[in-house]
Colleague: 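Handing you this structure, nothing more for now.
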There are 2 protein chains.
Amino acid sequence: MVKRTSFEGDACPIARSLEAIGDWWSLLIIREALFGVRRFGEFQSNLGMAKNILSVRLRAMVDHGILTTAPASDGSAYQEYVLTPKGRGVFPVLVALRQWSEEFDDRPEEIATILVDRDKGRPVKKLELRAEDGRLLTPAETTLKPRPARRRSAG
Amino acid sequence: MVKRTSFEGDACPIARSLEAIGDWWSLLIIREALFGVRRFGEFQSNLGMAKNILSVRLRAMVDHGILTTAPASDGSAYQEYVLTPKGRGVFPVLVALRQWSEEFDDRPEEIATILVDRDKGRPVKKLELRAEDGRLLTPAETTLKPRPARRRSAG
DNA sequence: TTGTGTGGTTGCATCATAAAACCATGCGCC
DNA sequence: GGCGCATGGTTTTATGATGCAACCACACAA
């Protein structure tokens with residue numbers, strides 16, 4: 001197989017996420033969707049991507065439960081693509097990517113926008129990883145444990 | 001050009017991040033590196049990926065300042081690949097991907113590991129986006145603003 | 001019926017990826 | 001000091017993914 005090695009059966013949750021949204025376009029499509037974009041043509045012109053690729057990606061994300069097709073909404077007879085809760089759950093990933101760029105990009109002056117708290121107009125805080133008791137955690141202060149079996153092994 | 005449309009000059013920081021780490025393997029390589037993997041062969045066998053691709057990815061990430069090559073460390077005469085601060089800064093992205101999978105994966109029982117606080121052995125908290133004053137923010141409570149110009153326009 | 005706009009699908013050229021073969025170096029061994 | 005083997009890659013070659021352009025389908029209007 002010279003296929004693009006699927007991570008579908010992988011036990012690592014990171015690999016499993018990448019299986020769904022780890023390609024070039026999906027995260028940008030979700031970014032647009034979070035801004036309220038719903039129509040095929042709007043995705044296409046905003047992202048400047050090929051229509052066939054967009055078509056394939058939208059369908060894949062619908063299959064993954066990230067998007068849903070809604071029959072209409074503003075009168076026109078075409079369907080729309082709206083985020084499911086699973087799709088909206090990608091938001092922290094996008095924020096993490098954004099903040100990584102803001103912190104480490106070699107040409108930060110080329111970054112056009114900052115993410116702000118809508119109420120105050122002030123930049124948001126950096127995402128922080130905290131322990132159950134609220135302690136800030138560095139990567140080294142974390143570790144992986146085997147997932148505990150579900151009670152009754154989920155019959 | 002039928003190239004894989006580069007986002008290099010894009011003003012969106014998310015696109016810029018994806019330009020560097022948005023491909024199939026880079027994030028998994030960084031995941032391994034955060035676990036302490038440093039050697040070519042170890043990356044290769046842990047990830048089960050083709051050696052040529054690994055070679056290309058490692059070089060690209062070195063070029064991007066995510067990894068550095070260290071001449072040696074444990075006696076053997078080969079070089080190693082170690083994360084830079086920029087590389088370690090990817091950690092929140094990986095955590096966000098992991099948590100997305102944990103929350104929304106269709107087959108969560110296939111996820112093998114959970115991320116825990118090393119001290120207490122307890123699961124870490126979900127990443128949260130907060131305003132400057134500490135208020136929890138939903139996507140809808142955020143917005144984008146043009147980046148303010150640097151003082152003196154960085155003459 | 002023709003024309004236009006939206007929402008796609010199809011065809012074909014090109015690029016990226018993957019597997020395997022090959023090459024280079026270091027090292028144990030005799 | 002030549003032989004085999006492990007490590008760390010590079011080259012070769014086949015195929016899947018991507019991108020552009022052209023085409024098709026449907027709704028609506030004149």
Side-chain angles (χ1 to χ4, degrees), chain A residues 1-10 15 18-29 32-33 36-64 67-82, chain B residues 1-10 15 18-29 32-33 36-64 67-82:
Chain A
M1 309 290 171
V2 201
K3 294 187 64 171
R4 190 136 136 224
T5 53
S6 163
F7 305 127
E8 206 175 341
D10 202 298
L18 292 176
E19 177 71 22
I21 55 174
D23 66 271
W24 273 105
W25 290 110
S26 294
L27 284 169
L28 294 176
I29 292 171
E32 293 300 311
V37 170
R38 294 157 161 254
R39 299 291 285 265
F40 186 95
E42 210 178 351
F43 284 113
Q44 202 254 318
S45 62
N46 287 7
L47 293 171
M49 68 187 294
K51 295 200 292 179
N52 53 348
I53 302 298
L54 176 57
S55 183
V56 170
R57 287 285 165 276
L58 288 174
R59 211 165 345 181
M61 291 204 282
V62 169
D63 289 348
H64 275 296
L67 293 171
T68 312
T69 52
S73 94
D74 62 333
S76 50
Y78 301 106
Q79 67 183 348
E80 302 188 332
Y81 300 90
V82 298
Chain B
M1 308 289 171
V2 199
K3 295 188 65 171
R4 187 128 139 233
T5 52
S6 163
F7 304 126
E8 207 176 339
D10 202 297
L18 293 176
E19 177 70 22
I21 55 174
D23 65 273
W24 273 105
W25 289 111
S26 294
L27 284 168
L28 294 176
I29 292 170
E32 293 301 310
V37 170
R38 294 158 162 254
R39 298 290 285 264
F40 185 95
E42 211 178 349
F43 284 112
Q44 202 255 318
S45 62
N46 286 8
L47 293 171
M49 67 186 294
K51 296 200 292 179
N52 52 351
I53 303 299
L54 175 58
S55 183
V56 170
R57 286 286 165 276
L58 288 174
R59 212 166 344 183
M61 290 204 283
V62 168
D63 289 349
H64 275 295
L67 294 171
T68 312
T69 52
S73 93
D74 60 334
S76 50
Y78 300 106
Q79 67 182 348
E80 301 187 334
Y81 299 90
V82 298

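Letters go in sequence order (proteins before strands), and every chain restarts at 1. Computed from a prediction, not measured in an experiment: that's the story for all the values here.
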Colleague: Using atom CG of B:Asp23 as one end and atom C1' of C:dA16 as the other, report the distance to the nearest whole Å.
Modeller: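 Atom CG in B:Asp23 sits about 11 Å away from atom C1' in C:dA16.
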Colleague: Can you tell me the distance, in whole Å, between the CZ atom of B:Phe7 and the C1' atom of D:dT18?
Modeller: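 Checked: the CZ to C1' distance equals 12 Å.
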Colleague: Taking 4.0 Å as the cut-off, does a side-chain nitrogen or oxygen of A:Arg59 come that near to OP1 or OP2 on C:dG8?
Modeller: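 No, A:Arg59 has no side-chain N/O under 4.0 Å of OP1/OP2 on C:dG8.
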Colleague: Between A:Ser55 and C:dG8, is there a side-chain N or O to OP1/OP2 distance below 4.0 Å?
Modeller: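 For C:dG8, neither OP1 nor OP2 has a side-chain N or O of A:Ser55 closer than 4.0 Å.
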Colleague: Any side-chain N or O of B:Arg39 under 4.0 Å from OP1/OP2 of D:dT7?
Modeller: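 For D:dT7, neither OP1 nor OP2 has a side-chain N or O of B:Arg39 closer than 4.0 Å.
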Colleague: Heavy atoms within less than 4.0 Å of DNA chain D: which residues of residues 42-49 of chain B have one? Give them sorted by number.
Modeller: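 The stretch gives none, as no residue of it lies under 4.0 Å from the strand.
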Colleague: Taking the side chain as every heavy atom from C-beta outward, state whether B:Asp10 and B:Glu19 have any pair of such atoms under 4.5 Å apart.
Modeller: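 No, every pair of side-chain atoms sits at 4.5 Å or beyond.
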Colleague: Output all residues satisfying side chain to side chain contact (heavy atoms under 4.5 Å, CB included) with B:Ser55, sequence neighbours left out; order by chain, then residue number.
Modeller: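 Counting only residues at least two positions away or on another chain, B:Ser55 forms a side chain to side chain contact (heavy atoms under 4.5 Å, CB included) with B:Phe40, B:Arg59.
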Colleague: For C:dG11, does the base pair up with any side-chain atom of A:Asn52 as donor and acceptor (N or O, under 3.5 Å, distance only)?
Modeller: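 Under the 3.5 Å cut-off, the side chain and the base do form a donor-acceptor pair.
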Colleague: Got a sec, which residues hit side chain to side chain contact (heavy atoms under 4.5 Å, CB included) with A:Glu42, two or more places apart in sequence or on another chain?
Modeller: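 Side chain to side chain contact (heavy atoms under 4.5 Å, CB included) list for A:Glu42, sorted by chain: A:Val37, A:Arg39, A:Asn46.
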Colleague: Can you list the residues that meet the side chain to side chain contact (heavy atoms under 4.5 Å, CB included) rule with B:Val56, with sequence neighbours excluded?
Modeller: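 B:Val56 satisfies side chain to side chain contact (heavy atoms under 4.5 Å, CB included) with no residue once adjacent residues are dropped.
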Colleague: Indicate whether OP1 or OP2 belonging to D:dG8 is found under 4.0 Å from a side-chain N or O atom of B:Tyr81.
Modeller: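 B:Tyr81 to D:dG8 OP1/OP2: no side-chain N or O under 4.0 Å.
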Colleague: Determine: side-chain N/O of A:Gln79 to OP1/OP2 of C:dG8, distance under 4.0 Å, yes or no.
Modeller: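 For C:dG8, OP1/OP2 do have a side-chain N/O of A:Gln79 under 4.0 Å.
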Colleague: Nearest whole Å is fine: how far is D:dG9 P from B:Arg57 CZ?
Modeller: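 Checked: the CZ to P distance equals 16 Å.
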Colleague: Distance check, rounded to the nearest 0.5 Å: A:Leu18 atom CG versus B:Trp25 atom CH2?
Modeller: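 If we round to the nearest 0.5 Å, A:Leu18:CG and B:Trp25:CH2 are 10.0 Å apart.
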Colleague: Mind checking the CD1-CZ spacing from A:Ile21 to A:Arg57? Nearest 0.5 Å is all I need.
Modeller: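 These two atoms lie 12.5 Å from each other.
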Colleague: Name the closest nucleotide to the B:Ile53 side chain, picking from D:dG8, C:dG8, C:dT17.
Modeller: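 Of the candidates, C:dT17 comes closest.
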Colleague: Could you give the NZ-to-P distance, from A:Lys51 to C:dG5, as a whole number of Å?
Modeller: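 So the NZ-P distance, A:Lys51 to C:dG5, works out to 13 Å.
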Colleague: Can you see which heavy atom on A:Ser26 is nearest to which on A:Ala20, and at what distance?
Modeller: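 Scanning both residues, the minimum pair turns out to be OG-O, 4.2 Å.
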Colleague: In whole Å, what is the span from the CG atom of B:Leu54 to the P atom of C:dA16?
Modeller: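 Distance check: B:Leu54 CG to C:dA16 P gives 18 Å.
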Colleague: Check nucleotides 23-25 of chain C against the protein and report each pair of N or O atoms closer than 3.5 Å, with its distance, or say if there are none.
Modeller:
{"unit_1": "C:dT25", "atom_1": "O2", "unit_2": "B:Tyr78", "atom_2": "OH", "d": "3.4"}

Colleague: Can you name the residues that form a side chain to side chain contact (heavy atoms under 4.5 Å, CB included) with A:Thr69, not counting sequence neighbours?
Modeller: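 Side chain to side chain contact (heavy atoms under 4.5 Å, CB included) list for A:Thr69, sorted by chain: A:Val62, A:Gln79, A:Tyr81.
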Colleague: For B:Phe40 and D:dA6, give me the distance from atom CZ to atom P, rounded to whole Å.
Modeller: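 Checked: the CZ to P distance equals 17 Å.
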Colleague: With a 4.0 Å limit, can you tell me whether A:Trp25 has a side-chain N or O closer than that to the phosphate oxygens OP1/OP2 of D:dG19?
Modeller: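 Checking D:dG19 against A:Trp25, a side-chain N or O does come within under 4.0 Å of OP1 or OP2.
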